[in-house]
Amino acid sequence: MKRRIEIAEVLKNPTLNESILVKGWVRAFRSNRFIALNDGSTINNIQVVVDFEKFPESLVKNIGFHACLAITGKLVESQGSGQAMEILAEEIEVLGSTNLETYPLQPKAQSMEFLREKAHLRMRTNTFSAVFRIRHAVAFAVNKYFNDKGYYYMHTPIITGSDAEGAGEMFHVTAFETNKAPLDENGEVDYKKDFFGKATNLTVSGQLQAEIGALALGKVYTFGPTFRAEKSNTSRHLAEFWMIEPEIAFADIHDDMDLAEDFSKYLINYILDNYPDDLKILNDRIAKMEQNMKKEERRPMGLIDTLRFVVDNDFERITYTEAINILRSSKPYKKGRFEYEVEWGKDLQSEHERWLVEKKFKKPVIVVDYPKDIKAFYMRMNDDDKTVAAMDVLFPGIGEVIGGSQREERLDFLQKRMAEMDIHEEELWWYTELRKFGGCPHAGFGMGFERMVLFITGMTNIRDVIPFPRTPGSAEF
RNA sequence: GCCUCAAUAGCUCAGUUGGUUAGAGCGGCGGACUGUUAAUCCGUAGGUCCAAGGUUCAAGUCCUUGUUGAGGCGCCA
């Protein structure tokens with residue numbers, strides 16, 4: 001019995017004129033003679049040449065789109081011009097045929113919305129196989145980057161007893177059966193009798209726990225699923241997404257920004273260096289799609305050129321106050337083109353961020369030192385007593401990919417902010433104890449993993465860079 | 001949560017001012033084809049026009065409600 005060789009290996013280290021065994025799915029069957037076979041190990045196919053008269057008609061009939069085949073044959077130099085080598089089929093076994101009268105996928109461009117409804121099949125397409133190979137690679141690069149720099153990967157809880165993380169609506173977790181939860185004397189659900197003895201939720205952020213790690217291990221990061229019950233209906237939000245949250249001791253906001261920029265560039269470079277073929281498929285797909293678009297709707301640069309440009313240039317760094325001033329002296333502001341007001345103390349709207357990133361600077365922008373009133377309680381107060389050491393990294397086409405801050409390490413400042421924002425210290429007693437016992441300056445950020453994958457793959461909807469998207473009203477598969 | 005748009009063949013779409021039997025390309029099916037590269041060529045089948053109600057002599061087309069999807073806003077990552 002011959003051992004199967006993966007197509008990636010065949011193409012990388014070809015053993016010409018030897019008989020080999022490959023297995024995979026049919027991407028195309030042309031001229032009753034040429035099979036393009038793909039096994040997922042690479043975006044590239046191997047061509048199999050079938051002398052159809054040598055095989056029974058019933059077998060040849062089963063070689064349809066996305067049928068699964070095992071093929072033994074001699075690997076030779078190709079006579080055709082589209083590929084370097086090909087396999088002359090000696091034996092063909094149909095492992096799984098496809099009934100094409102009912103199979104929904106077709107060998108042509110189909111809409112992202114349609115394919116999203118076929119999440120169990122869409123990974124077989126060129127676009128999605130490329131996206132999910134790259135998603136894997138970005139995840140690997142995240143771990144490699146931090147490991148190589150001496151960070152420890154820390155697993156923070158998925159179920160949390162704290163509802164004060166302040167990052168959005170939470171999904172409740174309970175072992176009670178619906179409508180059978182015991183009530184207390186006030187008629188409220190008595191969570192003391194629930195599994196954990198208290199009300200619990202799915203985590204919206206691992207940051208507060210990551211701070212525990214940073215203040216013991218020095219440098220840690222979390223990388224895990226995160227849940228937000230916001231009914232966000234946009235191409236940039238998911239109810240279940242993955243977040244990367246490094247947290248570092250003895251670091252200030254500038255170290256934090258340096259890390260965010262270096263880390264982002266590392267991830268992009270890792271894909272540019274290791275997945276050029278998948279990137280090219282995605283690059284060409286976008287170029288083709290944009291052929292029919294008006295010039296002003298097209299991207300200023302192709303996908304690969306955009307990624308190169310981002311890693312080759314410094315991110316723009318401006319303070320929130322500078323951003324406000326730049327916006328107020330901008331053409332669209334003067335001409336009244338912005339829908340929302342630009343005013344110190346108010347958060348930058350999407351349209352403002354987009355103008356700064358896409359029109360003014362044309363590259364990623366880090367905005368730092370936001371007004372304290374629009375930011376979370378744990379962010380470190382600046383000396384001006386008006387702003388906090390918080391930063392957002394904004395990317396073209398996506399907006400906020402990273403949000404971070406230097407954390408408030410001074411107990412009295414922290415307690416004051418918590419009181420102002422009505423956060424009870426009893427609930428976060430362990431968090432304030434980190435300041436009471438051996439605290440130190442520290443900082444960190446959260447990167448939306450899918451948003452980064454969105455940027456690197458050039459996809460336009462976040463639901464298309466996670467295998468099984470969870471959005472309001474949708475939890476199929 | 002708010003706003004806007006859309007839903008017609010398996011897919012992507014066209015369908016004029018409300019007017020005869022709802023069209024195309026791709027895909028499927030049948031056939032041809034021994035160097036194809038989104039193969040090509042010939043033939044063929046395929047429709048609850050999202051759902052319910054309404055206006056009208058007449059509705060794919062107009063109105064109401066609902067469902068689903070997309071986009072924008074807010075929230076954020």
Side-chain angles (χ1 to χ4, degrees), chain A residues 27-36 44-54 61 64-66 78-83 86 88 98-118 125-126 165-169 204-207 222-223 225-245 260 284-285 288 292 339-340 346-354 374-376 392-395 398-404 445-455 460-464 466 471-474 476:
Chain A
R27 285 286 162 84
F29 186 33
R30 289 181 286 266
S31 239
N32 239 359
R33 186 165 167 78
F34 302 102
I35 300 171
N44 298 305
N45 306 323
I46 186 97
Q47 172 154 290
V48 178
V49 183
V50 181
D51 196 347
F52 63 81
E53 286 177 345
K54 277 210 258 174
K61 276 217 178 305
F65 185 56
H66 284 181
S78 178
Q79 293 173 41
S81 56
Q83 56 284 315
E86 62 197 13
L88 303 177
T98 304
N99 180 351
L100 295 174
E101 289 185 53
T102 52
Y103 189 55
L105 298 202
Q106 297 172 9
K108 64 163 191 169
Q110 291 180 292
S111 72
M112 290 296 119
E113 291 80 14
F114 175 75
L115 292 169
R116 214 172 285 150
E117 291 170 6
K118 317 283 176 205
T125 66
N126 280 337
E165 288 160 7
E169 290 292 306
V204 293
S205 162
Q207 179 207 312
T222 77
F223 182 16
T226 311
F227 308 86
R228 307 261 168 103
E230 300 283 348
K231 291 203 170 171
S232 298
N233 216 336
T234 83
S235 56
R236 305 181 305 281
H237 290 86
L238 291 164
E240 177 182 300
F241 64 100
W242 288 62
M243 189 152 62
I244 300 144
E245 295 175 289
D284 295 351
R285 174 184 164 272
K288 202 169 178 183
N292 303 321
E339 196 181 332
Y340 291 87
K346 289 193 171 168
D347 209 353
L348 298 176
Q349 303 292 317
S350 289
E351 59 175 354
H352 306 143
E353 294 181 348
R354 210 175 306 134
I374 57 173
K375 287 292 177 182
D392 283 354
V393 183
L394 312 174
F395 269 67
I398 299 171
E400 188 176 345
V401 170
I402 291 173
F445 63 76
M447 170 189 278
F449 179 61
E450 282 79 12
R451 288 189 180 173
M452 197 62 189
V453 177
L454 199 56
F455 181 73
T460 51
N461 193 312
I462 202 164
R463 296 159 192 142
D464 297 328
I466 186 167
T471 52
S474 172
E476 194 66 55

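Just so we're on the same page: letters track the sequence lines, and every chain starts at 1. Quick caveat: nothing in here was measured; it's all calculated off a predicted structure.
One interatomic measurement links the two molecules: CZ of F395(A) to C1' of C76(B), which rounds to 17 Å at whole-angstrom precision. The CG atom of L394(A) sits 14 Å away from the P atom of C76(B) (whole-angstrom rounding). In this structure, Q110(A) atom CD and C13(B) atom P are separated by 11 Å, rounded to whole Å. One atom, CZ of F114(A), and another, P of G27(B), lie 15 Å apart when rounded to the nearest Å. Following rounding to the nearest Å, E450(A) (CD) and A77(B) (P) show an atom-to-atom distance of 14 Å. Computed from coordinates, the L88(A) CG to U34(B) P distance equals 17 Å when rounded to whole Å. In this structure, H352(A) atom NE2 and C76(B) atom P are separated by 16 Å, rounded to whole Å. To the nearest angstrom, C1' of G10(B) lies 13 Å from OH of Y103(A).
Here the side chains of L105(A) and L115(A) are in contact, with some heavy-atom distance below 4.5 Å. T222(A) is not listed as a side-chain neighbour of M243(A), based on a closest heavy-atom distance of 4.5 Å or more. Side-chain contact between V393(A) and V401(A) is absent, with no heavy-atom pair separated by less than 4.5 Å.
Within the 3.5 Å criterion, the main-chain N or O of R33(A) finds no donor-acceptor partner in the side chain of S31(A). A distance-only check finds a donor-acceptor pair linking the side chain of E230(A) to the backbone of E169(A) [under 3.5 Å]. Although no hydrogens or angles enter the test, the distance criterion places a donor-acceptor pair under 3.5 Å between the side chain of E351(A) and the main chain of E339(A). Judged purely by atom type and a 3.5 angstrom limit, R116(A) has no side-chain atom pairing as donor or acceptor with the backbone of D464(A). Listed for the S78(A) side chain is a donor-acceptor partner under 3.5 Å among the backbone atoms of G80(A).
Between G18(B) and G1(B), the distance separating the two C1' atoms is 38 Å to the nearest Å. Distance check on atom C1': G60(B) versus U8(B) gives 7 Å, rounded to whole Å. Between the C1' atoms of C57(B) and U20(B), the separation comes to 15 Å (whole Å). Distance noted for atom C1' between C50(B) and U36(B): 41 Å (whole Å). Straight-line distance between the P atoms of G43(B) and A24(B): roughly 13 Å, to the nearest whole Å. For G53(B) and U67(B), the C1' atoms lie 15 Å apart once the distance is rounded to whole Å. The gap from the P atom of C75(B) to that of U68(B) amounts to 26 Å, rounded to the nearest Å. A14(B) and C49(B) have their C1' atoms separated by 13 Å, given to the nearest Å.
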Under a 4.0 Å heavy-atom criterion, the protein footprint on nucleotides 36-50 of chain B, written with B, S and -, is BBBB-----------

Protein-proximity profile, nucleotides 65-74 of chain B, B/S/- by nucleotide at the 4.0 Å heavy-atom cutoff, equals ----SSSBBB

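The distance from the CZ atom of R463(A) to the OG atom of S235(A) is 7.0 Å, given to the nearest 0.5 Å. Note: H66(A) NE2 to F29(A) CZ = 15.0 Å, rounded to the nearest 0.5 Å.
Across the strands present, A14(B) finds no partner; the criterion is a Watson-Crick or G-U wobble pair with both atom distances under 3.5 angstrom. The partner of U4(B) is A70(B), judged by Watson-Crick or G-U wobble contacts that both fall below 3.5 Å. When Watson-Crick and G-U wobble pairs are counted only if both distances are under 3.5 Å, A32(B) pairs with U40(B). Across all strands shown, A9(B) forms no Watson-Crick or G-U wobble pair with both key distances under 3.5 Å. Taking a pair to require two hydrogen-bonding distances under 3.5 Å in either a Watson-Crick or a G-U wobble arrangement, U21(B) remains unpaired. A51(B) is paired with U65(B) under the Watson-Crick or G-U wobble criterion, all donor-acceptor distances under 3.5 Å.
Residue L105(A) is classed as having no contact, given no heavy-atom separation below 4.0 Å to the nucleic acid.
One cannot find a donor-acceptor pair under 3.5 Å joining the base of G10(B) and the side-chain atoms of E101(A).
Considering only residues two or more places apart in sequence or on other chains, K118(A) meets the side-chain contact (heavy atoms from CB on, under 4.5 Å) condition with P104(A), F114(A), H120(A), L121(A).
Both thresholds, 5.5 Å between centres and 30° between ring planes, are not jointly met by F449(A) relative to the base of A77(B), so the two rings are not stacked.
Between M447(A) and A109(A), it is A109(A) whose nearest contact on RNA chain B lies nearer the 5' terminus.
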